[in-house]
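What you are looking at is a predicted structure, and each value in this text was computed from that prediction instead of being measured. Letters A, B, ... mirror the listed sequences (proteins, then strands); counts begin at 1. Computed over heavy atoms, backbone and side chain alike; hydrogens, waters and symmetry mates excluded.
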Number of protein chains: 2
Amino acid sequence: MADVAERAGVSRSLVSLVVRGSPLVSDARRAAVLEAIEELGYRHNAIASRLAAKSTRTLGLLLSDLHNPVFADVHDGVVEAARAEGFEVLLVAGPGDVRRESALLERLVTLQVDALVLAGYAGDGDALRRIAEHTPVVAVNRRIDGPGIDLVVTDETASAVLVVDHLAGLGHRRIAHVASPRSDAFQYRRAAYEQAMAARGLDPWIVEGDLTAHGGRAAVATFARTGDWPSAVVAHNDVSAVGVMSALQERGLAVPRDVSVVGYDDTDLARLPSIALTTIEQHAHDQGRSAARMAIARIADPERQSRTVVIPTRLVVRATTREPASIGT
Amino acid sequence: MADVAERAGVSRSLVSLVVRGSPLVSDARRAAVLEAIEELGYRHNAIASRLAAKSTRTLGLLLSDLHNPVFADVHDGVVEAARAEGFEVLLVAGPGDVRRESALLERLVTLQVDALVLAGYAGDGDALRRIAEHTPVVAVNRRIDGPGIDLVVTDETASAVLVVDHLAGLGHRRIAHVASPRSDAFQYRRAAYEQAMAARGLDPWIVEGDLTAHGGRAAVATFARTGDWPSAVVAHNDVSAVGVMSALQERGLAVPRDVSVVGYDDTDLARLPSIALTTIEQHAHDQGRSAARMAIARIADPERQSRTVVIPTRLVVRATTREPASIGT
DNA sequence: TTGAAAGCGCTAACAA
DNA sequence: TTGTTAGCGCTTTCAA
C-alpha cells in the first residue's frame with residue numbers, strides 16, 4: 001500500500017480511501033491511485049483491513065448439511081438479504097457431525113464475522129449462548145434462546161395441525177411420525193405432532209429417526225421388523241421422507257397406495273414429478289432472508305431485545321397422500 | 001492477550017505458544033496460562049493471528065451452485081483431505097451467476113486463504129491465472145490451465161464412449177446431447193460426445209442447455225416445438241437429466257419407454273429409486289479429496305509444475321435406459 | 001524455556 | 001480534501 005501511495009504521489013490513507021470507494025477523494029487523485037494499483041498489481045488485504053477496522057461487514061453462515069437441499073434455499077435467502085445491505089457471506093458446512101458443529105462455529109467466530117446465522121445447528125446451546133455474548137447470533141428453525149440470540153422459526157403447531165388434519169381427513173388413523181433426534185433445539189415438531197394427534201383423538205406413534213434419508217429408511221426397516229405398519233408417515237423433513245419412500249419402494253410397497261408420506265420443507269426434491277411429495281412449505285428462502293436481516297439489525301443495535309420471527313407455513317398436497325388402502329379400494 | 005500474560009505472570013509470546021499448542025512450554029506455565037485464559041474468558045483472534053502469521057492453514061472452496069448435489073460431495077472430499085492435513089475449509093457459494101463468480105473468488109483471495117479449490121467455476125480464465133500468480137489454485141473439472149493452476153478432471157473421452165456405446169448397443173441412433181453453455185472451461189464433454197458419436201457413425205445432435213434442471217426442461221421444450229424427438233438424451237449432468245425427465249413426464253412421455261436418459265455425476269438424486277438414473281459416476285468425493293491434496297502440496301512447493309489428476313469414470317446403468325421403442329416393443 | 005522488540009497491512013481519528 | 005500518527009492483536013526472530 002505504501003508502494004502504491006508513493007507511486008501515485010499520495011499518502012497511504014488516501015489509497016485506503018480509494019480502495020474502499022470513499023467519495024471524499026478528488027477524481028484526479030483517485031485516477032492516479034487506481035493507475036498505480038493497476039501498475040503495481042496491488043491487492044487489498046482483507047485480513048489486515050478487518051483487523052484494523054473491527055467491522056468486517058461479513059455474515060458467517062453455518063449450514064449443517066450440504067446434502068439437504070433445503071440449506072441451499074436458506075443460503076440463497078441469506079445471500080440475497082446480506083448483499084442488499086452490503087454484507088458478504090462466508091460459509092462453513094459440516095458433514096452432519098453434531099460434535100464438530102461447535103468447532104465450526106468457533107471457527108466462524110474466530111474469523112471475526114460480524115454476526116452468525118445458523119441453519120440446522122443441533123449443537124450445544126450453552127456454547128451458543130457464550131458466543132452470543134459478543135457476537136450476534138440468529139438461529140434458523142432451532143429454538144435456542146438467550147440474550148443476543150434471535151430466532152427465525154416456523155409455526156410448528158399450525159403445521160402439525162395442517163398435516164394431521166389432511167391425513168385424518170383422508171381417513172388415516174395410524175399416522176406415524178419419523179422424528180428428528182431428541183434435542184432441545186428441535187423438539188417442537190415432535191411435540192406439535194403429538195398434540196395435533198391427541199386433539200383428533202388419535203394415538204401418537206413416534207419412530208426415532210434423524211435428519212437424513214437414512215433416518216427414513218431406518219424407520220421403514222422398523223415397521224418391517226415389527227410387522228406393524230402405519231397407513232401414513234409424517235417425516236421430519238423432505239429428505240427423510242424421500243428415505244421413507246425409497247425404502248418402501250424397495251420393499252415393493254407403493255406410495256400412496258399402501259402408505260401415504262408427508263415431508264417438511266418443500267425442497268426441490270419434493271417438487272420433482274417422480275417424487276411429488278406432499279409437504280409443508282416452510283419458505284426456506286424467506287427464512288434465510290429474515291435471518292440475515294435480523295442479524296444485520298442486531299449488529300447495528302447489539303442491545304436490542306431478542307426477537308423471534310415466525311414464518312407462516314402451508315401444506316402443499318401432491319401425489320404421496322391419499323385415503324388409506326382399506327377405505328380407498 | 002496481554003491481560004492473560006499478566007494474570008499468568010508470563011510474557012505475551014508465552015501465551016501465544018500455549019494457544020497454538022506448542023510443546024515448548026513447561027507444564028506449569030501452560031497450566032497457569034490456560035487458567036488465566038479461562039478466568040478472563042479470553043478468545044484467540046484468528047484475524048490478528050493470520051495477519052501476523054501470513055499462513056492461515058485454510059483452504060478456500062468455491063462452489064458454484066449449492067442446488068446441485070454434486071457439490072456437496074466435492075465439499076465432503078475437500079473437507080476430509082483438508083482436515084487430515086490440519087487445514088480448515090472456508091466456503092463461498094454463488095447462486096450460479098457467472099459474473100459474480102469472479103467477485104466471489106476475489107473475496108476468497110482477499111481473505112488470505114492459503115489456496116483455492118474451485119468446483120464448477122465457469123468464470124474468467126484470465127482472472128484465475130492472475131490469482132494463480134500468488135495463490136495456488138486447483139480447478140475441479142474445469143480445464144483452465146496456467147502456471148500455478150492444478151487440475152482435477154475426468155476422462156471425458158472415455159466417459160462419452162461409455163455412454164454412446166451403451167446407448168448405441170441398445171439400438172439407439174438418434175442420441176441428443178443437452179450440452180452445457182459454450183465455455184472454454186467445459187467444452188470437453190460436448191466435444192467428447194461428438195467424437196464418440198462420429199466414431200460410431202452416428203450424427204451428433206447438440207441441444208444447448210445449461211448446468212441446471214432448467215436446461216434439461218428447455219431441451220424437451222425444443223424437441224416438442226420442432227416435433228423432432230431423439231430416442232435417447234445425454235444430459236451434461238444429473239441435475240439437467242432430471243430436468244429432462246421431469247419435462248418428459250409432464251408431457252406424458254415415459255422414461256425409458258419413450259426416451260432413454262443419461263446423466264453425469266451419479267449424485268444422490270440419480271440413486272433415488274424413483275429416479276434411478278443411468279449416469280456416469282465421476283467420484284466427486286475423490287475429486288474433492290484429490291483437489292485438496294494438490295492444493296496443499298502446492299502450498300508447500302509453490303514452484304512445482306502444474307499437474308493434472310485424471311479421475312476414472314464408470315457407467316452406472318440404472319432404469320432410465322433401454323432399447324428404443326421401435327425395437328423394444 | 002522464556003521474554004523483548006519489531007512488525008504483519010491496514011484503518012481511523014485528528015490535524016492541516 | 002489530504003497527510004500524520006497511532007494502533008488493531010497476534011507471531012516471530014533473537015537473545016537471555
Side-chain angles (χ1 to χ4, degrees), chain A residues 1-37 40-58 86 88 106-114 134-135 299, chain B residues 1-37 40-58 86 88 106-114 134-135 299:
Chain A
M1 201 173 214
D3 295 347
V4 172
E6 189 179 346
R7 174 120 189 179
V10 301
S11 74
R12 276 160 43 221
S13 36
L14 221 281
V15 176
S16 173
L17 289 176
V18 170
V19 166
R20 285 176 291 149
S22 163
L24 290 69
V25 185
S26 68
D27 287 349
R29 301 285 200 185
R30 181 192 309 284
V33 170
L34 256 21
E35 193 184 319
I37 285 178
L40 267 40
Y42 162 83
R43 42 185 53 252
H44 190 69
N45 182 330
I47 293 284
S49 158
R50 284 166 176 233
L51 180 57
K54 313 292 287 187
S55 161
T56 60
R57 290 197 80 75
T58 301
E88 295 286 339
E106 275 302 326
R107 183 75 202 159
L108 229 33
V109 170
T110 227
L111 278 167
Q112 310 293 94
V113 294
D114 289 342
H134 54 85
T135 303
I299 291 168
Chain B
M1 200 171 213
D3 294 347
V4 172
E6 189 179 347
R7 174 120 189 178
V10 300
S11 73
R12 276 164 40 224
S13 34
L14 220 281
V15 176
S16 174
L17 290 175
V18 171
V19 166
R20 285 176 292 147
S22 163
L24 290 69
V25 185
S26 67
D27 288 350
R29 300 284 200 186
R30 180 191 311 282
V33 170
L34 256 21
E35 193 185 321
I37 285 178
L40 267 40
Y42 162 82
R43 43 183 53 255
H44 190 68
N45 182 330
I47 292 283
S49 156
R50 284 166 176 233
L51 179 56
K54 312 291 288 186
S55 161
T56 60
R57 291 199 78 76
T58 301
E88 295 287 339
E106 276 302 328
R107 182 74 201 161
L108 229 33
V109 170
T110 228
L111 279 166
Q112 309 295 98
V113 293
D114 288 342
H134 54 85
T135 303
I299 291 166

Check your understanding: Can you name the residues that form a side chain to side chain contact (heavy atoms under 4.5 Å, CB included) with A53(A), not counting sequence neighbours?
Key -> none
Study note, to complete from the structure: By salt bridge (Lys or Arg N to Asp or Glu O under 4.0 Å), R57(A) pairs with (sequence neighbours left out) none
**Study point:** Under the side chain to side chain contact (heavy atoms under 4.5 Å, CB included) test, residues paired with A48(B) that sit two or more places apart
**Key:** L51(A), N45(B)
Practice item. Identify, with sequence neighbours excluded, every residue that meets side-chain hydrogen bond (donor to acceptor under 3.5 Å, both in side chains) alongside D114(A). Key: S55(A), T56(A)
Review point. For R7(B), what residues pass the salt bridge (Lys or Arg N to Asp or Glu O under 4.0 Å) criterion, not counting sequence neighbours?
Key: E39(B)
Revision key, fill the gap. So the contacted stretch of DNA chain C, first to last nucleotide with an atom under 4.0 Å from a non-hydrogen atom of chain A, runs from dG9(C) to dA12(C)
Check your understanding: Excluding sequence neighbours, so at least two apart, what forms side-chain hydrogen bond (donor to acceptor under 3.5 Å, both in side chains) with S13(A)?
Key -> S11(A)
Shorter than 3.5 Å, N or O on both sides, protein versus nucleotides 14-16 of chain D: list them out with atom names.
none

Study note, to complete from the structure: Between the CE atom in M1(A) and the CG atom in L40(A), the distance rounded to the nearest 0.5 Å is 12.5 Å
Review point. Using a cut-off of 4.0 Å between protein heavy atoms and nucleotide atoms, how would you tag nucleotides 1-11 of chain D 5' to 3' with B, S and -?
Key: SSBB-BBBBBB
Practice item. Evaluate the side-chain contact (heavy atoms from CB on, under 4.5 Å) criterion for residues V4(B) and V18(B): first the C-alpha distance (whole Å), next the side-chain angles of each, then the deciding distance (0.1 Å), finally the verdict. Key: CA-CA 11 Å; V4(B) 172; V18(B) 171; over 6 Å; no
**Study point:** Selection residues 8-30 of chain B - residue pairs positive for salt bridge (Lys or Arg N to Asp or Glu O under 4.0 Å), sequence neighbours left out
**Key:** none
Point to revise | Contacts of type side chain to side chain contact (heavy atoms under 4.5 Å, CB included), residue V113(B), not counting sequence neighbours | key: T58(B), L116(B)
